[in-house]
Participant: 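Handing you a structure now.
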Number of protein chains: 2
Amino acid sequence: MVKVDRRIAKTQEALKKAVIELMTEKNFDDITIQEIADRADVNRGTIYLHYQDKFDLLDRLIESHLNEMGEMDEWACELEWKDALVPYFEYFEKNYLFFSTMLASKGAPSSFRTRLLTSFMEGFKYEIDRDSGRNTNLTDDVMLQYAGTAYVGIIEWWIKNGMPHPPRVMAEQVGTLLGRSL
Amino acid sequence: MVKVDRRIAKTQEALKKAVIELMTEKNFDDITIQEIADRADVNRGTIYLHYQDKFDLLDRLIESHLNEMGEMDEWACELEWKDALVPYFEYFEKNYLFFSTMLASKGAPSSFRTRLLTSFMEGFKYEIDRDSGRNTNLTDDVMLQYAGTAYVGIIEWWIKNGMPHPPRVMAEQVGTLLGRSL
DNA sequence: GCAGATGCGTTCATCAATGAACAGATCCCG
DNA sequence: CGGGATCTGTTCATTGATGAACGCATCTGC
């Protein structure tokens, strides 16, 4: 992990935060580069030092979240389901604004749901029970699609309904259900 | 008003915020330059581009607040007392952490109370009623000291007690009392 | 249709922030 | 007392951010 210049980290952080905020206020397509720069308190030209355009910025924003969740996979892979899921729901809670915005916005980035699903299914692949024999009549693609859409769906519900249960409770219940499905 | 480079504004803002935060956690004398830099996410050397040392930083932090309140004077000087005080109490409320820290900390910057008092008395000087004749038996220094300490005292009480009344209510009551005293 | 306005992407000289290093001061523990 | 550790204030080459300008494209309304 090469440590990045703190100036770069700060401006990128500010830019990502600005995009999320603006997306709660208007459609992504209606957001202008100048608005992002103003909101982030950054020179307009500075954006182009890091990103191609606003679509690239949004893309990298999504990517960074998926990567961060990917890193949590490695920490969690040796834990029981319900323990492993706690940090995930805490992450969703912490980045509430991002997830609610990305899951709600009806415009171009509806692809987010798909990318999230793909990412989850990729992670589930190594969690399928292949030993006990209880899944011999099930194929991987069906199990992955089933568990993946269920997981995305429950997160979507949880976020959009103002997170009615604390992360720990969600982790326990969803952990139980995912364990039964894989 | 020459516009300052936004990089300068950002780092100074971060440094001031860092100092206030750290002062809520430990005595000012125990705070190290490195801690301030870390908290502000700024290189240690950068501090010396703007300030002599941490005392200068604290000094300029106080100064900037007094100046900002001084600018509010000019906007407010032609209003009635109770209207003029509203933005002040809103300012105290907004910068709650600063005022509570500065008024509470028992160490070296107990001078803050004195500086605040001096600043208020300076502002009151032009508000004394010299026309109606009801103050002919009173001297300026007595009135200023009386109203000044009362004002500082009531702010101190309000802040330390968790701002039990909204700014508008405080402004009305304190406005009435100050009007009677000057 | 065209003129003004707005947004985009890029350029460049200038300035601010970085981080690493340095010597000196002070602290503190053995 | 001595020496390791920590904090300070300063230096400097390097890198990132700035803001102003530019040409170009796309709207918008007269």
Side-chain angles (χ1 to χ4, degrees), chain A residues 1-64 67 101 105 107-109, chain B residues 1-64 67 101 105 107-109:
Chain A
M1 201 55 149
V2 284
K3 61 177 68 178
V4 3
D5 192 304
R6 76 216 304 167
R7 284 172 294 184
I8 295 179
K10 282 184 210 171
T11 62
Q12 292 193 355
E13 212 50 49
L15 286 172
K16 289 174 179 175
K17 181 163 172 280
V19 169
I20 295 174
E21 281 182 25
L22 287 168
M23 283 181 69
T24 68
E25 300 167 15
K26 55 167 70 178
N27 199 305
F28 180 72
D29 294 320
D30 298 335
I31 298 174
T32 173
I33 290 280
Q34 183 68 62
E35 279 177 315
I36 300 173
D38 289 344
R39 183 67 65 107
D41 194 17
V42 150
N43 191 283
R44 186 167 60 89
T46 303
I47 296 180
Y48 297 104
L49 296 178
H50 302 279
Y51 306 101
Q52 294 291 325
D53 46 38
K54 67 174 181 177
F55 300 100
D56 185 38
L57 171 47
L58 178 63
D59 226 56
R60 304 263 284 279
L61 167 59
I62 295 172
E63 206 72 44
S64 66
N67 283 341
T101 304
S105 110
Chain B
M1 203 55 151
V2 283
K3 63 176 69 177
V4 11
D5 192 305
R6 75 214 307 166
R7 285 171 293 183
I8 295 179
K10 282 184 209 172
T11 62
Q12 293 193 354
E13 212 51 50
L15 286 172
K16 289 174 180 175
K17 181 162 172 281
V19 170
I20 295 174
E21 280 182 26
L22 287 168
M23 282 182 69
T24 68
E25 300 168 15
K26 55 167 70 178
N27 199 305
F28 180 72
D29 294 321
D30 298 336
I31 298 174
T32 173
I33 290 279
Q34 184 68 64
E35 279 177 314
I36 300 173
D38 289 344
R39 184 67 66 106
D41 195 16
V42 149
N43 189 282
R44 187 167 60 88
T46 303
I47 296 180
Y48 298 103
L49 297 178
H50 303 280
Y51 307 101
Q52 293 292 325
D53 47 37
K54 66 174 180 176
F55 300 100
D56 185 37
L57 171 47
L58 178 62
D59 226 55
R60 304 264 283 278
L61 167 58
I62 294 173
E63 207 72 47
S64 67
N67 284 340
T101 303
S105 109

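Only heavy atoms go into these numbers, but all of them, side chains included; no hydrogens, no water, no symmetry mates. Nothing here was measured: the structure is a model prediction, and the numbers come from that model. Labels below follow one simple rule: chain letters A, B, ... track the order of the sequence lines, proteins then strands, and each chain is numbered from 1.
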Participant: Nearest-Å distance, CD1 (B:I47) to P (D:dC7)?
Facilitator: 13 Å
Participant: Do the side chain of B:K54 and the main chain of B:V19 share a donor and acceptor less than 3.5 angstrom apart?
Facilitator: no
Participant: Would you say that B:Q12 contacts B:V4 through its side chain, given a criterion of any heavy-atom pair below 4.5 Å between the two side chains?
Facilitator: no
Participant: Please report the closest heavy-atom contact between A:H50 and A:T46, naming both atoms and the distance.
Facilitator: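 Minimum heavy-atom separation between A:H50 and A:T46: CD2-O, 3.3 Å.
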Participant: Do B:K10 and A:V42 touch side chain to side chain, with heavy atoms closer than 4.5 Å?
Facilitator: yes
Participant: What's the OH-P distance between B:Y51 and D:dG9, to the nearest Å?
Facilitator: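 That distance rounds to 15 Å.
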Participant: For A:E13 and A:K17, what are the C-alpha separation, side-chain angles and deciding distance, and is it a salt bridge (Lys or Arg N to Asp or Glu O under 4.0 Å)?
Facilitator: CA-CA 6 Å; A:E13 212 50 49; A:K17 181 163 172 280; over 6 Å; no
Participant: Remember a base hit wins even if backbone is also touched, and classify A:R6 as base, sugar-phosphate or nothing at under 4.0 Å, heavy atoms.
Facilitator: sugar-phosphate
Participant: Go through DNA chain C in 5' to 3' direction and return only the first and the last nucleotide with some atom under 4.0 Å of chain B's heavy atoms.
Facilitator: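 Using the under 4.0 Å cut-off, the span is C:dC15 to C:dA21.
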Participant: Measure from CG on B:N43 to P on D:dT8 and round the result to the nearest Å.
Facilitator: 14 Å
Participant: Could you tell me which non-hydrogen atom of B:A40 sits nearest to which non-hydrogen atom of B:A14, and how far apart they are?
Facilitator: CB-O, 3.5 Å
Participant: Do the side chains of B:Y51 and B:D59 get nearer than 4.5 Å, heavy atoms only?
Facilitator: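 They are not in side-chain contact.
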Participant: Under 3.5 Å, is there any donor-acceptor pair linking the side chain of B:R44 to the base of D:dG9?
Facilitator: yes
Participant: A:D53 and A:I33: which non-hydrogen atoms are nearest, and at how many Å?
Facilitator: C-CD1, 4.5 Å
Participant: Just how far, in rounded Å, is C1' of D:dT10 from CG of B:L49?
Facilitator: 11 Å
Participant: Output the rounded distance in Å from CG (A:D41) to P (D:dT18).
Facilitator: 8 Å
Participant: Scan residues 9-21 of chain A against DNA chain C and write down, sorted by residue number, each residue with any heavy atom closer than 4.0 Å; if none is found, say none.
Facilitator: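 Heavy-atom cutoff 4.0 Å gives A:K10.
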Participant: If only side-chain N and O atoms of B:Y48 are considered, is one of them under 4.0 Å from the OP1 or OP2 phosphate oxygen of D:dT10?
Facilitator: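 For D:dT10, neither OP1 nor OP2 has a side-chain N or O of B:Y48 closer than 4.0 Å.
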Participant: With nearest nucleotide decided by heavy atoms, which residue, A:Q34 or A:D5, maps closer to the 5′ end of DNA chain C?
Facilitator: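 Its nearest nucleotide lies further toward 5', so the answer is A:Q34.
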Participant: Taking only side-chain N and O atoms of B:T32, does any of them lie within less than 4.0 angstrom of OP1 or OP2 on D:dT6?
Facilitator: no
Participant: Let's go through B:E35 and B:R39 carefully: what are the C-alpha distance in whole Å and the side-chain angles of both, what is the deciding distance for salt bridge (Lys or Arg N to Asp or Glu O under 4.0 Å) to 0.1 Å, and is it a yes or a no?
Facilitator: CA-CA 6 Å; B:E35 279 177 314; B:R39 184 67 66 106; over 6 Å; no
